[in-house]
Amino acid sequence: MISAAKPIIGKEEQEAVQRVLESGMISQGPEVEKFENEFAEIVGNRKCIAVNSGTSALHLGLLAAGIGPGDEIIVPSFTFAATGNAVALTGAEPVFVDIEPNHFCINPEAVESAITPRTSGIMPVHLYGHPAAMIELQEIADRHGLIIFEDAAQAHAASLKGKPVGAMGTVAAFSFYPTKNMTSGEGGMIVTSDPEIERKSRLLRNQGMEQRYMNEIIGFNTRMTDINAAIGRVQLKKLPDWTMARQKNARYFDSALSGVVTPKVADGADHVYHQYTIRSERRDQLAQQLSEKNIGSGVYYPTPVHRLPSFASDLELPETEAAAASVLSLPVHPSLSEEDLETIVRACQ
Ligand SMILES: Cc1ncc(COP(=O)(O)O)c(C=O)c1O
């Protein structure tokens, strides 16, 4: 069986968890602080606030930047529901727009057309590990006085023109869910260069408290535990090698696959291949062929977020609908052997 995704948990992760368990300090503590400081190194030394999921990172990041009822945030519909959910949970309205077909990320022209007097921000998603068109988006944001919230849940260590994702918008959110390029079990990271947003995020994470029992604002318990942070710290060290392995696997597929559209990479983009996503009109048939050979694959995402029962919009977003009907993600994780890669290519013929 070749699985679609495979978290790699080794001896070091086990030892790190054991160390935390033996310390007796298993909730948020020194490991979380170290994880935040170490993660900062891959996001241009911005401030990092660890939380219990990528969804919490998005949600708290928005709240900390003052987003709430009356605001509109422009988001792509071709993403995981968490992107839209996080916006809606603040009381703001997610305004869904189309993607550009080459890299599956939000289309800057569609963003510009969707701006209204209530628009407060844009939330590009670095989908599949490919950075969104941040230069064009920043230019639009600057012209209209908008905040950029990066959904970097799938794009640890990706970059655009040498700038890491997470270090471009005002706020960014990463996820450490097990299938991501690195994991902490469950977990997320808010990243920002704004000291006020940092402070507010820390307050929101912990019931609105900086000082114990002196709750300044109404907050959540979205803390990360030291157990999760200890796993995350080990995984962060392994991330560069894993990223290279994903990119090597992708290069192999780029040259060996035929009869399908292989992923395109924008000029200056360093794609970290959270997913290796092809397009084919025979998508369902290919998925079936792979499954018959015991090879996992995935459709991310079969239903555009605006069409889900939770949002139920009848907006027409043609590129989003076309992508949902034709994408297929092949296994690209670092545990694949050369033989696995050959087997996958053969099964796609
Ligand atoms: C694009 C995107 N945004 C947000 C999330 C939410 O992250 P989490 O599952 O850690 O809450 C995910 C991952 O699941 C994601 O893929």
Side-chain angles (χ1 to χ4, degrees), residues 4-5 7 32 35 39 48-63 73-90 94 96-97 99 103-106 121-132 134 148-158 165-166 168-169 171-191 201 204-205 220-225 227-229 231-232 235-236 246 271-277 298-306 308 310-311 320 323-324 327 329 332-333:
V32 168
F35 186 32
F39 197 80
C48 294
I49 305 98
V51 287
N52 60 353
S53 73
T55 309
S56 296
L58 286 169
H59 185 204
L60 267 58
L62 287 158
L63 290 172
I73 304 292
I74 301 174
V75 299
S77 176
F78 194 56
T79 177
F80 183 52
T83 314
N85 288 350
V87 173
L89 285 168
T90 67
F96 294 103
V97 300
I99 51 166
H103 319 112
F104 305 104
C105 293
I106 198 165
I122 313 168
M123 185 175 276
V125 180
H126 305 302
L127 199 72
Y128 305 146
H130 186 289
M134 295 302 289
I148 295 194
F149 300 90
E150 293 176 69
D151 182 338
Q154 305 187 354
H156 316 73
V165 307
M168 293 185 267
V171 192
F174 289 82
S175 162
F176 304 119
Y177 182 74
T179 55
K180 297 294 192 275
N181 288 22
M182 60 170 285
T183 184
S184 61
E186 291 269 8
M189 195 70 84
I190 306 166
V191 175
S201 299
L204 287 168
R205 171 177 72 176
F220 303 84
N221 171 3
T222 54
R223 296 182 299 261
M224 178 181 274
T225 72
I227 301 171
N228 295 106
I231 300 171
Q235 296 255 316
L236 183 61
R246 284 177 181 276
H271 189 337
V272 295
Y273 296 98
H274 171 57
Q275 301 292 349
Y276 185 91
T277 304
V299 175
Y300 311 108
Y301 296 89
T303 308
V305 178
H306 75 287
L308 292 169
S310 45
F311 289 104
T320 297
V327 292
S329 296
V332 71
H333 53 81

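Ligands are counted one by one from 1 in listed order, and the atoms in each one are counted from 1 as well.
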- prompt: Under a 4.5 Å cut-off applied to non-hydrogen side-chain atoms, are Tyr276 and Tyr128 in contact?
  reply: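 Tyr276 vs Tyr128: side chains apart.
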- request: Report yes if some heavy atom in the side chain of His126 is under 4.5 Å from a heavy atom in the side chain of Met134; otherwise report no.
  value: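 Yes, close enough: below the 4.5 Å cut-off.
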Closest by any non-hydrogen atom to [atom]: pick that one out of [options].
| atom | options | answer |
| --- | --- | --- |
| atom 13 (C) of ligand 1 | His59, Lys180, Met123 | Lys180 |
| atom 5 (C) of ligand 1 | Ala82, Ala155, Gly84 | Ala82 |
| atom 12 (C) of ligand 1 | Phe176, Phe80, Phe174 | Phe80 |

Got an N/O contact under 3.5 Å between [X] and ligand 1?
| X | value |
| --- | --- |
| Tyr177 | no |
| Ala153 | no |
| Thr55 | yes |

query: Below 4.0 Å from any atom of ligand 1, is there a heavy atom belonging to Tyr301?
result: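 For ligand 1, residue contact (heavy atoms, under 4.0 Å) with Tyr301 is present.
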- prompt: Which class fits the ring pair His156 and Phe176: parallel under 30°, tilted 30 to 60°, perpendicular over 60°?
  reply: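 Tilted.
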Please could you name the atoms of ligand 1 that [X] approaches to less than 4.0 Å, counting only its heavy atoms?
| X | result |
| --- | --- |
| Ser175 | 7 (O), 8 (P), 10 (O) |
| Val125 | 1 (C) |
| Gly54 | 7 (O), 8 (P), 10 (O), 11 (O) |

- request: Quick one: look at Thr79 and ligand 1, take heavy-atom pairs under 4.0 Å, and tell me if it's side chain, backbone, both or neither.
  value: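 It is the side chain that touches ligand 1; the backbone stays farther off.
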